[in-house]
Amino acid sequence: MQPLKSVPKFMRAIVFRNYGDPQEVMELVDDREIPKPNKNQVLVKIECASINAADRYIVRANYFIIRMVFGLFRPSKKKRILGMDIAGTIQLIGKNVKGFQIGDTVVADIRKSLGGGFATYAIVHAKHLVKKPQTVSFEQAATVPISGQAAMMGMILCSINPGDKVLINGASGGVGSFGVQIAKAQGAYVTAICSTKKVNAVRSWGADEIVDYKKQGSINALKGNEFDVVFDTASFECPGRYKQILKKDGKYVLVGGDFYNMLKLKLFGRFDRGSQKFMALTQEVEVTKNIKTVLEMIADKKINPAIQKVISLKDVPDAIHSLEQRTVVGKIVVNLNKKV
């Protein structure tokens, strides 16, 4: 098969050759060679990607395990392009790829390839591809593979029933913005925790009540409440502190935040505090299935990705810095066609 258009030899990409401040170690280049798809792979021309917490942690190598994977002292040459989720168009197809053809518009989580989304082209294994609904834009679709999928998986673990009282911590972030909307779509009564400057945005996503932790604290302000579910996307303290505001048979699901909190729950598995259940996010439903579900919800206008702004490729380092400064509300999307 021939590509839609002739594929150039080189591509633009944001690369990082050292660990550190994203504004200092990341740079835009235009001389990265475009790879060819191997067996079961496709070449995708990326239209849009999005910024995720993983990008900020990896570029600074905040945890030793990152250096073990990407390179001990500096990232290896093959692992210098971040960007974990993409939306784009298939340009080339390798052998044995079934169900997709050149010209298909697709969405993918490329974490297992250790990134590659902050570039104009990427190689993707066919099993990680999901076809993009026609009525969902590339910008909307690019928010889904990491944040939307994680929120959907977390909500599945929460087993929400209509009328359940759900508390969402970190409601203004990428995962939180999807969590609020998915929980509301499932009929929950949502209480959201966020900071002062983000209250209006979170309210616009459908939260029934909002706790401004800058003014009220969080747990102290919620004493006397009993929640069916705590959905925690920003765990930087002991998860056990939520025990006092969970119902006797309530569930706590840890989706994001401190790596070591996630690790503790994953290493020791799910555990109960009486009949309460505390658990970390586990992938019990295929990533592609969750991505498809979220894309369908967007197409059906049941939810709408909360996109704070759309940036060009060169602005990726600044966007990651703003994520570190906690000034991002919802998602930042990188449009590869946006002119500098």
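Heavy atoms only: backbone and side chains are in, while hydrogens, waters and symmetry mates are out. For this chain, numbers begin at 1 and follow the sequence in order.
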Q: So, Asp315 and Ser312: side-chain donor and acceptor under 3.5 Å apart, yes or no?
A: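 There is such a pair between these side chains.
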
Q: Working to the nearest 0.5 angstrom, can you tell me the gap between Arg326 CZ and Cys194 SG?
A: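 Between Arg326 CZ and Cys194 SG, I get 13.0 Å after rounding to 0.5 Å.
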
Q: Has Lys131 got a side-chain atom pairing as donor or acceptor with Phe100's backbone, closer than 3.5 angstrom?
A: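 Not at all, since once roles are kept as given, no pair shorter than 3.5 Å links the two residues.
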
Q: Think Lys132 forms a cation-pi with Phe138, using NZ or CZ under 6.0 Å from the six-ring centre and within 45 degrees of its axis?
A: yes

Q: Any heavy-atom pair between the side chains of Ile51 and Phe118 that's under 4.5 Å?
A: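 Answer yes - side chains close enough.
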
Q: Judged by atom type as modelled, is there a donor-acceptor pair below 3.5 Å linking the side chain of Thr233 to the main-chain atoms of Gly170?
A: yes

Q: For Met84 and Ile58: C-alpha separation, side-chain torsions, deciding distance, then whether side chain to side chain contact (heavy atoms under 4.5 Å, CB included) applies.
A: CA-CA 11 Å; Met84 304 296 164; Ile58 293 169; 3.4 Å; yes

Q: How far apart are the closest heavy atoms of Ser322 and Ile332, and which atoms are they?
A: OG-CD1, 3.7 Å

Q: Within a strict 4.5 Å, meaning less than it, do heavy atoms of the Val130 and Val106 side chains meet?
A: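 No; the side chains remain at least 4.5 Å from each other.
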
Q: Among Leu336, Ile46, Asn335, whose side-chain contact (heavy atoms from CB on, under 4.5 Å) with Leu313 holds?
A: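 Of Leu336, Ile46, Asn335, side-chain contact (heavy atoms from CB on, under 4.5 Å) with Leu313 is met by Leu336 alone.
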
Q: Could you go through the side chain to side chain contact (heavy atoms under 4.5 Å, CB included) check for Val230 and Ile168 one step at a time?
A: CA-CA 6 Å; Val230 172; Ile168 298 180; over 6 Å; no

Q: Assess whether atom CZ of Arg74 is packed by more than 12 heavy atoms of other residues, nucleotides or ligands within 6.0 Å.
A: no

Q: Distance only, no hydrogens: is a donor on one side chain within 3.5 Å (strictly under) of an acceptor on the other, for Asp212 and Thr196?
A: yes

Q: One pair to check against side-chain hydrogen bond (donor to acceptor under 3.5 Å, both in side chains): Asp85 and Ser50. What are the steps and the verdict?
A: CA-CA 6 Å; Asp85 43 13; Ser50 75; 3.0 Å; yes

Q: With a 4.5 Å cut-off on side-chain heavy atoms, are Ile34 and Phe10 touching?
A: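 When only atoms from C-beta onward are counted, Ile34 and Phe10 do not touch, as no gap falls below 4.5 Å.
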
Q: Has Asp164 got a side-chain atom pairing as donor or acceptor with Asn161's backbone, closer than 3.5 angstrom?
A: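 Side chain of Asp164 to backbone of Asn161: a pair is present.
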
Q: Assess the side chains of Tyr252 and Asp232: does a donor N or O sit below 3.5 Å from an acceptor N or O?
A: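 Asp232 and Tyr252 do have a side-chain donor-acceptor pair below 3.5 Å.
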
Q: For Glu286, does the CD atom sit with more than 12 other heavy atoms under 6.0 Å from it, leaving out its own atoms?
A: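 Incorrect, the count does not exceed 12.
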
Q: Would you mind reporting whether Val107 and Val136 have side-chain heavy atoms less than 4.5 Å apart?
A: no

Q: Checking the side chain of Asp21 only, and the main-chain atoms of Gln23 only, is there a donor and an acceptor separated by less than 3.5 Å?
A: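 Yes, because the side chain of Asp21 sits within donor-acceptor range (under 3.5 Å) of the backbone of Gln23.
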
Q: How many angstroms lie between atom OG1 of Thr293 and atom CD1 of Ile298, to the nearest 0.5 angstrom?
A: 11.0 Å

Q: Could you report the tightest heavy-atom contact between Gln308 and Val328, atom names first, then the distance?
A: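 Distance-wise, the nearest heavy atoms are OE1-CA, 3.5 Å.
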
Q: Looking at Gln134, I want to see if its CD is surrounded by more than 12 non-hydrogen atoms of other residues, nucleotides or ligands under 6.0 Å.
A: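 No, CD of Gln134 has 12 or fewer neighbouring heavy atoms, counting only those of other groups under 6.0 Å.
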
Q: Could you go through Lys45 and Thr89, starting from their C-alpha distance and side-chain angles, then the distance that decides it, and tell me whether this counts as side-chain hydrogen bond (donor to acceptor under 3.5 Å, both in side chains)?
A: CA-CA 5 Å; Lys45 181 182 182 296; Thr89 306; over 6 Å; no

Q: If you take all heavy atoms of Ala13 and Ile81, which pair is closest and at what distance?
A: CB-CD1, 3.8 Å

Q: Are Val124 and Val7 co-members of a hydrophobic cluster defined by side-chain heavy atoms under 4.5 Å apart?
A: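 Yes, same cluster.
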
Q: When you look at Phe227 and Thr191, which way does the side chain to side chain contact (heavy atoms under 4.5 Å, CB included) test go after all the steps?
A: CA-CA 9 Å; Phe227 293 95; Thr191 299; 3.6 Å; yes

Q: To the nearest 0.5 Å, what is the distance between CG (Asp318) and CD (Gln325)?
A: 11.5 Å

Q: Using a 4.5 Å cut-off on heavy atoms from C-beta on, say whether the side chain of Leu167 contacts that of Ile245.
A: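 They are in side-chain contact.
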
Q: Decide whether Asn38 and Lys95 meet the rule of one side-chain donor and one side-chain acceptor closer than 3.5 Å.
A: no

Q: For Thr143 and Pro305, work out which heavy atoms get closest and say how close.
A: OG1-CB, 3.4 Å

Q: If Ile, Leu, Val, Met, Phe, Trp and Tyr residues are connected whenever their side-chain heavy atoms lie under 4.5 Å apart, and connections chain through other members, are Tyr19 and Met26 in the same group?
A: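 Linked, Tyr19 and Met26 end up in one cluster.
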
Q: Do Asp208 and Lys184 sit within salt-bridge range, that is, some charged N less than 4.0 Å from a carboxylate O?
A: yes

Q: So, Arg60 and Glu324, do they make that salt bridge, N to O below 4.0 Å?
A: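 Looking at Arg60 and Glu324, the cut-off is met.
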
Q: Could you please spell out the steps behind the salt bridge (Lys or Arg N to Asp or Glu O under 4.0 Å) verdict for Asp228 and Lys247?
A: CA-CA 6 Å; Asp228 297 280; Lys247 288 184 177 179; 3.1 Å; yes

Q: Just by modelled atom types, is the Ser137 backbone N or O under 3.5 Å from a matching donor or acceptor in the Gln140 side chain?
A: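 Yes.
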
Q: I'd like to know if Val15 and Ile123 are part of one continuous hydrophobic network [Ile/Leu/Val/Met/Phe/Trp/Tyr, side-chain heavy atoms within less than 4.5 Å].
A: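 In one cluster with Ile123: Val15, yes.
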
Q: So, do Gln276 and Lys248 sit near enough that their side-chain heavy atoms are less than 4.5 Å apart?
A: no

Q: What is the distance from atom CZ of Arg67 to atom CG of Asn62, rounded to the nearest 0.5 Å?
A: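 So the CZ of Arg67 and the CG of Asn62 are separated by 9.5 Å.
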
Q: Where the side chain of Asp104 meets the backbone of Gln101, is there a donor-acceptor pair that is under 3.5 Å apart?
A: yes

Q: Can a cation-pi geometry be assigned to Lys251 and Phe278, taking NZ or CZ under 6.0 Å from the six-membered ring centre and within 45° of the ring axis?
A: no

Q: Would you say the side chain of Val287 lies within less than 4.5 Å of the side chain of Arg111, judging by non-hydrogen atoms?
A: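 Contact flag for Arg111/Val287 side chains = yes.
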
Q: Can a donor-acceptor pair be found between the side chains of Tyr213 and Asn169 at a distance below 3.5 Å?
A: no

Q: Would Ile320 end up clustered with Ile307 when hydrophobic side chains under 4.5 Å apart are linked, directly or stepwise?
A: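 As far as the 4.5 Å side-chain criterion goes, Ile307 and Ile320 are not connected within one cluster.
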
Q: Which heavy atom in Lys79 sits nearest to a heavy atom in Phe16, and how many Å separate them?
A: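 It is O-CE2, 3.6 Å.
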
Q: With heavy-atom distances below 4.5 Å as the criterion, would you say the side chains of Leu157 and Glu284 are in contact?
A: yes

Q: Strictly distance-based, threshold 3.5 Å: is any side-chain N or O of Glu47 a donor or acceptor partner for the main-chain N or O of Asn337?
A: no

Q: Mind running side chain to side chain contact (heavy atoms under 4.5 Å, CB included) on Gln283 and Met153 for me, showing each step along the way?
A: CA-CA 7 Å; Gln283 201 64 49; Met153 189 65 254; 3.6 Å; yes

Q: Please check this pair: side chain of Ser147 against backbone of Val144, looking for a donor-acceptor N/O pair closer than 3.5 Å.
A: no

Q: Quick one: closest heavy-atom pair of Tyr121 and Gln91, and the distance?
A: CE2-CG, 4.0 Å

Q: Is there a donor-acceptor contact under 3.5 Å from the side chain of Asp300 to the main chain of Lys302?
A: no

Q: Do other residues, nucleotides or ligands put more than 12 heavy atoms under 6.0 Å from Leu72 CG?
A: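 Atom CG in Leu72 is crowded, with more than 12 foreign heavy atoms closer than 6.0 Å.
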
Q: Do Phe178 and Val310 sit in the same hydrophobic cluster, where Ile, Leu, Val, Met, Phe, Trp and Tyr count as joined when their side-chain heavy atoms come under 4.5 Å apart?
A: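 Phe178 and Val310: separate clusters.
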
Q: Is the backbone N or O of Ser177 less than 3.5 Å from a side-chain atom of Gln181, with the two atoms forming a donor-acceptor pair by type?
A: yes

